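Owing to the predicted nature of the structure, the values given are computational and were not obtained by experimental measurement. Chain letters run A, B, ... following the sequence lines, proteins first, then strands; residues in each count from 1.
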There are 2 protein chains.
Amino acid sequence: MTEKDDFDLQNFLPYLLNQAAEESSLAFQQVYKDRYGMLRTEWRVLFHLGIYGRMTAKEIGTRSKMHKTKISRAVARLGERRFLTRQQDIKDRRLEYLELTHLGRTAYHDLLTVAQTYDNRLSASLSPDENKVLRQVLRKLAKMG
Amino acid sequence: MTEKDDFDLQNFLPYLLNQAAEESSLAFQQVYKDRYGMLRTEWRVLFHLGIYGRMTAKEIGTRSKMHKTKISRAVARLGERRFLTRQQDIKDRRLEYLELTHLGRTAYHDLLTVAQTYDNRLSASLSPDENKVLRQVLRKLAKMG
DNA sequence: TGTTAATAGTTGTTTTTGTAACTAACAACC
DNA sequence: GGTTGTTAGTTACAAAAACAACTATTAACA
């Protein structure tokens with residue numbers, strides 16, 4: 001992409017990434033939305049706790065790069081619906097440890113199965129090399145500024 | 001990703017794609033926002049008209065897969081700010097042909113330059129093979145269901 | 001032609017998100 | 001110990017997106 005006139009929106013990386021991201025998450029979104037009435041921020045918090053275990057909102061923020069207000073709201077909603085419990089740290093009362101309840105773990109495992117199936121389906125449409133390169137490059141891009 | 005316990009959020013394609021998309025569009029977003037007060041939908045419409053020329057809102061929708069209400073509002077705002085003109089089709093008065101004004105073309109060319117520089121910078125951080133595979137795979141993913 | 005269906009685009013209302021300002025608790029340091 | 005600065009998390013308000021219902025116009029066809 002050096003000539004001005006050659007420019008194609010379909011080759012502009014941020015645009016292309018966005019299209020692929022949107023398209024590829026649509027079907028999964030349908031599941032967590034229809035089955036549990038969750039938003040994207042909410043399944044993300046659920047998965048962070050499901051995968052990495054008990055942690056604070058701050059830690060979720062560091063790992064996911066989501067803004068703290070998003071996390072705060074997602075946690076509040078997941079708490080109301082009994083998907084997680086919140087427990088204040090006694091030493092530092094600003095901190096709250098979040099942990100999935102039985103209900104939360106059940107939802108997590110259910111969605112995990114869906115996610116895995118879904119990811120496998122996406123992977124299957126790509127060659128082994130495409131898969132490897134894609135994930136590797138995406139991780140690189142996700143880290144840049 | 002076959003074992004349940006192996007699941008890593010950082011390897012789940014929809015999540016990974018979203019992270020990369022968000023990160024990679026941040027700096028560009030800053031430019032069209034700060035320089036022209038535009039939203040994502042607005043620069044997209046601007047680019048569609050800049051690249052492909054005069055067309056209707058419907059055609060933009062088909063090409064971009066954006067919902068018609070988003071397009072309608074983006075067009076309205078770009079019109080108010082004199083970035084484009086709207087001209088009703090005489091044969092079919094439901095249709096309106098959209099076309100960039102001189103002001104619109106100026107903004108388009110300015111942002112195009114930024115986009116190209118930006119895309120080049122992203123490309124430069126990847127190998128030629130990574131670049132090729134990435135774009136090819138993203139286009140494939142953007143088209144699937 | 002008259003009635004029904006389809007299409008292009010808009011508007012109104014509700015959800016979500018983004019931003020900034022806020023509270024509560026702790027830390028640092030004089 | 002009292003001031004000042006930080007940090008974790010929440011809340012309030014403004015901006016944007018999603019969704020559904022709407023208008024105006026054309027197409028289809030009995």
Taking any atom closer than 4.0 angstrom to a non-hydrogen atom of chain A, what span of DNA chain C does the protein reach, first nucleotide to last? C:dT16 to C:dC26

Once side chain to side chain contact (heavy atoms under 4.5 Å, CB included) is applied, do any residues pair with B:Lys65, and if so which ones, sequence neighbours excluded? none

Salt bridge (Lys or Arg N to Asp or Glu O under 4.0 Å) contacts in which one or both residues fall within residues 90-107 of chain A, not counting sequence neighbours: A:Arg54-A:Glu99, A:Arg86-A:Glu96, A:Asp92-A:Arg94

A:Asp129: what forms a side chain to side chain contact (heavy atoms under 4.5 Å, CB included) with it, not counting sequence neighbours? A:Ser127, A:Val133

Sequence neighbours left out, what passes ring pair (Phe, Tyr, Trp, His ring centres under 6.0 Å) with B:Tyr36? Give chain and number order. none

Which of residues 41-52 of chain A sit near DNA chain D, with a heavy atom under 4.0 Å from it? none

Any pair counted as ring-ring contact (aromatic ring centres under 6.0 Å, His included), so long as it reaches residues 56-93 of chain A, sequence neighbours left out: none

Within this structure, what is the CE-to-P distance between B:Met38 and D:dA16, rounded to whole angstrom? 13 Å

Answer with yes or no after comparing the ring centroid distance for A:Phe47 and B:Tyr15 against a 6.0 Å cut-off, counting only values under it. no

Residues that B:Arg82 engages under side chain to side chain contact (heavy atoms under 4.5 Å, CB included), provided they are two or more places apart: B:Leu103

Identify, with sequence neighbours excluded, every residue that meets side chain to side chain donor-acceptor pair (under 3.5 Å) alongside B:Arg44. none

Excluding sequence neighbours, so at least two apart, what forms ring pair (Phe, Tyr, Trp, His ring centres under 6.0 Å) with A:Tyr52? A:His48

What is the separation between atom NZ on A:Lys70 and atom P on D:dA17, rounded to the nearest whole Å? 13 Å

Which ILVMFWY residues are connected to A:Tyr97, directly or by a chain of links, through side-chain heavy atoms under 4.5 Å apart? A:Leu95

Quick check: on DNA chain D, is the nucleotide nearest B:Arg77 upstream (toward 5') of the one nearest A:Lys33, or the reverse? Name the residue that is more 5'. B:Arg77

If you restrict it to nitrogen or oxygen atoms, what contacts under 3.5 Å exist between nucleotides 7-11 of chain D and the protein, and what is each distance?
residue : atom : partner : partner atom : Å
D:dT7   : O2   : A:Arg94 : NH1          : 2.8
D:dA8   : OP2  : A:Lys58 : NZ           : 3.2
D:dG9   : OP1  : A:Glu96 : N            : 3.4
D:dG9   : OP2  : A:Lys58 : N            : 2.5
D:dG9   : N7   : A:Lys68 : NZ           : 3.1
D:dG9   : O6   : A:Lys68 : NZ           : 2.8
D:dT10  : OP1  : A:Arg86 : NH2          : 2.4
D:dT10  : OP2  : A:Ser72 : OG           : 2.6
D:dT10  : O5'  : A:Ser72 : OG           : 3.4

